[in-house]
K.L.:
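Mind having a look at this structure? Questions to follow.
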Amino acid sequence: MYSIAKSVARSPVPRNCSGHLGCGLLPRTWNGRIWTPRRGVATVKGVDKKLVEKLPLAGIRVLDMTRVLAGPYCTQILGDLGAEIIKIEHPTRGDDTRSWGPPDAPYIDGVERQFPGESAYYLSVNRNKKSLGLSFNNPTGISILHTLVQKCDVLVENYLPGSLAKYNLDYETLSALNPSLIYASVTGYGQTGPYRDRAGYDVMVEAEMGLMHITGERDGPPVKVGVAVTDLTTGMYTAIGVLAALYSRRDTGLGQWIDASLSDCQVAGLANIASSGLVSGKKDSGRWGTAHASVVPYRAYKTKDTNIAVGGCNDKLYGILCDKISKPEWKTDGRFVTNALRVKNRDTLDRIIEDELKTKTTQEWLEVFEGSGMPYAAVNDIQGTLNHEHVLARNMIENIEHPACGPLKLVNHPVKYSRVQPKIRSPPPMLGEHTDEVLRELLDFDEAQIQELKDHKTVA
């Protein structure tokens, strides 16, 4: 195989620099000062201000070495905000979730592929990205990544602690190549601590870090949350960390290593429940289903056909509920006149409220409660949510065109801005869809060199 002879460093090395390109590393200092290599389009400098106003991360380039959920969710957020995301995937398998169907969006272009379509799981967290099919278990693939790193602002990875060091893709190595690189590591239990070498899976962290214990019906077993909330929370926290590091870099010129773990983010996500435990010193109040430990009534109740959630969160709102269900006498009932008494007599109050709510359908109660100022909501299934009039009015479902699957619907970016326009600019990429583009336009490879990489199965 030919050796990739392209310069590892695009910027010239100062004459009195003690480093050498042969080792593949650049020195951290020059004459006692941090030396930051000059990079072109991978910084916001020179990017059209009007484009940045529309997409605040325009000009930021992210090397995405993540798969499954937490990491891809982080990079998708950055991509929605305008960053260029280059997703590194195994040349034949790709992201693990490509095979996590059904359901799959079927291919309609007549091309036979290893998968029956694009899995719904993969489609959910990979929009606004480019896919580079690259194997880095060989020197050529590593060399390509080393060159790419010098053209990127951010790298996000979710491998086990220490596992990328054997490929010279660890933070210490890559920060020497690019001192301004922000390197975010997403793991199950972090880079330190007795559990650092454990693989991170959402369900296991939900169990280990308390969430599963407090989720479920009062007398039922612990259950996991319906979506991988620990993964998603970690993805969001990591995106926040990347943004903060980018902000800091404006003044220092230096990147840093972000250590984000599912376990830490889940502990932080316990919020008031954790605070209650710290203040009281007690275990916890157990599982409450849809109810609240210290506010009654505040839960989902059965109706004639489905379920409805209502909240009498204070005396005034409780009074509104009583009036709306035609039981005004409950407002002055000695068992229920204060929230403390309602909590004490929870079982009785919940039973008689549900008895009343079961006399009408959910839709009928929605019409009764409309405009009352009291919190209430239908308990919708997923299709009811995706077709909800408010969801559609807020443009949360976007219609896109996929090159192999045709028309698709995806959930849109949730935050609205008065100036910027985060949106789905491109569909989740096919495996290796942008390999040629990245190698040719970003790394200056010619067609013969790209073909040789393909012949040796380094890229796809």
K.L.:
Looking at OG1 of T75 and CD1 of I85, how far apart are the two atoms once the value is rounded to the nearest 0.5 Å?
P.N.:
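Separation between the atoms: 5.5 Å.
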K.L.:
Can you tell whether the side chains of R61 and E84 come within less than 4.0 Å, N to carboxylate O?
P.N.:
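Yes.
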K.L.:
Check step by step if side chain to side chain contact (heavy atoms under 4.5 Å, CB included) holds for R198 and E208.
P.N.:
CA-CA 12 Å; R198 285 195 181 189; E208 190 77 40; 3.6 Å; yes
K.L.:
Can you tell me if T187 and S185 form a side-chain donor-acceptor pair at under 3.5 Å?
P.N.:
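There is no such pair (donor and acceptor under 3.5 Å, judged by atom type) between the side chains of T187 and S185.
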K.L.:
Assess whether atom CZ of F336 is packed by more than 12 heavy atoms of other residues, nucleotides or ligands within 6.0 Å.
P.N.:
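Buried by this count: over 12 neighbours within 6.0 Å.
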K.L.:
Can you classify the ring geometry of H388 versus H390 as parallel (below 30°), tilted (30 to 60°) or perpendicular (above 60°)?
P.N.:
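Ring orientation of H388 relative to H390: perpendicular.
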K.L.:
Donor-acceptor check, side chain of T306 to backbone of T303, threshold 3.5 angstrom: yes or no?
P.N.:
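No, the answer is negative, given that no donor and acceptor are paired below the 3.5 Å cut-off.
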K.L.:
What are the two closest heavy atoms between P403 and P427, and how far apart are they?
P.N.:
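So the two residues come closest at CD-CG, 4.0 Å.
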K.L.:
Are there over 12 heavy-atom neighbours, none belonging to F115, within less than 6.0 Å of that residue's CZ?
P.N.:
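Enclosed: over 12 neighbouring heavy atoms sit under 6.0 Å from CZ of F115.
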K.L.:
Quick one: are V186 and C74 in side-chain contact, heavy atoms under 4.5 Å?
P.N.:
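Side-chain contact under 4.5 Å: no.
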K.L.:
Which heavy-atom pair separates D323 from K331 by the least distance, and what is that distance?
P.N.:
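Scanning both residues completely, I find the closest heavy atoms to be OD1-NZ, 3.1 Å.
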K.L.:
Which pair of heavy atoms, one from V229 and one from D202, lies closest together, and at what distance?
P.N.:
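In terms of heavy atoms, the two residues are closest at N-OD2, 3.5 Å.
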K.L.:
For V310 and Y376, run side chain to side chain contact (heavy atoms under 4.5 Å, CB included): C-alpha distance rounded to whole Å, both residues' side-chain angles, the deciding distance at 0.1 Å, then the answer.
P.N.:
CA-CA 4 Å; V310 297; Y376 65 94; 4.2 Å; yes
K.L.:
Counting only heavy atoms from other residues, nucleotides and ligands, does the tally under 6.0 Å from NZ of K282 exceed 12?
P.N.:
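Count not over threshold, so no.
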K.L.:
Under a 3.5 Å cutoff, is there a donor and acceptor pairing between the side chains of Y171 and Q256?
P.N.:
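Looking only at side-chain atoms, Q256 and Y171 do not form any donor-acceptor pair under 3.5 Å.
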K.L.:
So how far is it from S175 OG to I182 CD1, rounded to the nearest 0.5 Å?
P.N.:
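The distance works out to 12.5 Å.
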K.L.:
Answer yes or no: is there a side-chain heavy-atom contact under 4.5 Å between P116 and Y107?
P.N.:
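When only atoms from C-beta onward are counted, Y107 and P116 do not touch, as no gap falls below 4.5 Å.
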K.L.:
Contact between N314 and L317 at the side-chain level, heavy atoms closer than 4.5 Å - yes or no?
P.N.:
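Contact flag for N314/L317 side chains = yes.
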K.L.:
Starting at CD1 of I308, measure out to CH2 of W365 and round the result to the nearest 0.5 Å.
P.N.:
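Answer rounded to 0.5 Å: 8.5 Å.
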K.L.:
Under a plain distance cut-off of 3.5 Å, with no hydrogens placed, do T97 and S119 share a side-chain donor-acceptor pair?
P.N.:
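S119 vs T97: no donor-acceptor pair found between side chains.
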K.L.:
So, N128 side chain and K423 main chain: donor-acceptor pair closer than 3.5 Å or not?
P.N.:
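Present.
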K.L.:
Under 6.0 Å from the CD1 atom of I382, do we count more than 12 heavy atoms belonging to anything else shown?
P.N.:
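Not more than 12 within 6.0 Å, no.
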K.L.:
So, S275 side chain and A271 main chain: donor-acceptor pair closer than 3.5 Å or not?
P.N.:
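It does not hold such a pair.
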K.L.:
Decide yes or no for L174 and H146: does some side-chain heavy atom of the first lie under 4.5 Å from some side-chain heavy atom of the second?
P.N.:
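Yes; the side chains approach each other to less than 4.5 Å.
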K.L.:
Could you tell me which residues satisfy side-chain contact (heavy atoms from CB on, under 4.5 Å) with I397, sequence neighbours excluded, listed by chain and number?
P.N.:
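If we apply the side-chain contact (heavy atoms from CB on, under 4.5 Å) test to I397, skipping adjacent residues, the hits are L386, V391, L392, K409, V411.
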K.L.:
How long is the span from the CD atom in E364 to the CG atom in L357, to the nearest 0.5 Å?
P.N.:
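Here the rounded value is 12.0 Å.
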K.L.:
Decide yes or no for D80 and I77: does some side-chain heavy atom of the first lie under 4.5 Å from some side-chain heavy atom of the second?
P.N.:
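They are not in side-chain contact.
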K.L.:
In the structure I gave you, are the side-chain heavy atoms of M209 and T230 within less than 4.5 Å of one another anywhere?
P.N.:
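Result no, sub-4.5 Å side-chain heavy-atom pair not found.
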K.L.:
Whether the side chain of S248 engages the backbone of A244 through a donor-acceptor N/O pair (distance < 3.5 Å, no angle test) should be reported.
P.N.:
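A pair under 3.5 Å: no.
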K.L.:
Is the shortest heavy-atom distance from the side chain of V296 to the side chain of K344 under 4.5 Å?
P.N.:
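V296 does not reach K344 side chain to side chain.
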K.L.:
Could you walk me through whether Y183 and D170 satisfy the side-chain hydrogen bond (donor to acceptor under 3.5 Å, both in side chains) test, starting with their C-alpha distance in whole Å, then the side-chain angles of each, then the deciding distance to 0.1 Å, before giving a yes or no?
P.N.:
CA-CA 9 Å; Y183 186 113; D170 54 298; over 6 Å; no
K.L.:
Quick check: does any side chain N or O of N178 sit under 3.5 Å from a backbone N or O of C152, one acting as donor and the other as acceptor?
P.N.:
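Yes, because the side chain of N178 sits within donor-acceptor range (under 3.5 Å) of the backbone of C152.
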K.L.:
Rounded to the nearest 0.5 Å, what separates atom OG1 in T361 from atom CG in D305?
P.N.:
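Going from the OG1 atom of T361 to the CG atom of D305 covers 5.0 Å.
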K.L.:
Taking all atoms of both residues into account, what is the closest heavy-atom pair of A199 and Y201, and its distance?
P.N.:
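Closest heavy-atom pair between A199 and Y201: CB-CE1, 3.5 Å.
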K.L.:
Under 3.5 Å, side chain of R249 to main-chain N/O of S180, donor-acceptor pair present?
P.N.:
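It does hold such a pair.
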K.L.:
Output every pair passing salt bridge (charged side-chain N to carboxylate O under 4.0 Å, His left out) with a member in residues 97-126, not counting sequence neighbours, ordered by first then second residue.
P.N.:
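For residues 97-126: E89-R98, R98-E118, D109-R113.
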K.L.:
State whether the side chain of R196 and the backbone N or O of Q191 hold a donor-acceptor pair below 3.5 Å, judged by distance alone.
P.N.:
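Yes, because the side chain of R196 sits within donor-acceptor range (under 3.5 Å) of the backbone of Q191.
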K.L.:
Counting heavy atoms not belonging to E389, are there more than 12 under 6.0 Å from its CD?
P.N.:
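For E389, atom CD is not crowded (no more than 12 foreign heavy atoms under 6.0 Å).
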K.L.:
Going through the checks in order, is the side chain to side chain contact (heavy atoms under 4.5 Å, CB included) test met by T215 and M212?
P.N.:
CA-CA 5 Å; T215 306; M212 191 179 290; 5.7 Å; no
K.L.:
Could you state the interatomic distance from CD1 (I352) to CH2 (W330), rounded to the nearest 0.5 Å?
P.N.:
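If we round to the nearest 0.5 Å, I352:CD1 and W330:CH2 are 4.0 Å apart.
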K.L.:
If we check side-chain hydrogen bond (donor to acceptor under 3.5 Å, both in side chains) with N126, which of these qualifies: K87, Q76, R67?
P.N.:
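The side-chain hydrogen bond (donor to acceptor under 3.5 Å, both in side chains) with N126 is passed solely by K87 among K87, Q76, R67.
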K.L.:
How about CZ on F136, more than 12 heavy atoms from neighbouring residues, nucleotides or ligands closer than 6.0 Å, or not?
P.N.:
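It does: F136 CZ has more than 12 such atoms within range.
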K.L.:
For R218, is the CZ atom crowded, meaning more than 12 foreign heavy atoms sit under 6.0 Å from it?
P.N.:
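Enclosed: over 12 neighbouring heavy atoms sit under 6.0 Å from CZ of R218.
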K.L.:
Looking at D219, I want to see if its CG is surrounded by more than 12 non-hydrogen atoms of other residues, nucleotides or ligands under 6.0 Å.
P.N.:
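For D219, atom CG is not crowded (no more than 12 foreign heavy atoms under 6.0 Å).
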K.L.:
Measuring only between side-chain heavy atoms, which start at C-beta, is L439 closer than 4.5 Å to I144?
P.N.:
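SC-SC contact between L439 and I144 confirmed.
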K.L.:
Distance-only, no hydrogens or angles: does the R425 side chain make a donor-acceptor pair with backbone N or O of G79 under 3.5 Å?
P.N.:
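Indeed, once roles are kept as given, a pair shorter than 3.5 Å links the two residues.
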K.L.:
After noting the C-alpha distance and the side-chain angles of R335 and L349, does the key distance pass the side chain to side chain contact (heavy atoms under 4.5 Å, CB included) rule?
P.N.:
CA-CA 9 Å; R335 298 169 296 175; L349 183 56; over 6 Å; no
K.L.:
Taking all atoms of both residues into account, what is the closest heavy-atom pair of D315 and R342, and its distance?
P.N.:
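Scanning both residues, the minimum pair turns out to be OD1-NH2, 2.9 Å.
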K.L.:
Sub-3.5 Å donor-acceptor pair from the side chain of R127 to the main-chain atoms of S426, do we have one?
P.N.:
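No: the side chain of R127 does not pair with the backbone of S426.
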K.L.:
Check each of E433, H434, E437 against K130 using the side-chain hydrogen bond (donor to acceptor under 3.5 Å, both in side chains) test, and report the only one that passes.
P.N.:
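Single pass found, and it is E437.
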K.L.:
Identify the residue among V438, L431, T435 that makes a side chain to side chain contact (heavy atoms under 4.5 Å, CB included) with S131.
P.N.:
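Only one option passes, and that is L431.
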K.L.:
Between N339 and S294, what is the shortest heavy-atom contact and its length?
P.N.:
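The pair with the smallest heavy-atom distance is ND2-O, 2.9 Å.
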K.L.:
Any donor-acceptor pair under 3.5 Å linking the side chain of K129 with the backbone of D64?
P.N.:
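No, the answer is negative, given that no donor and acceptor are paired below the 3.5 Å cut-off.
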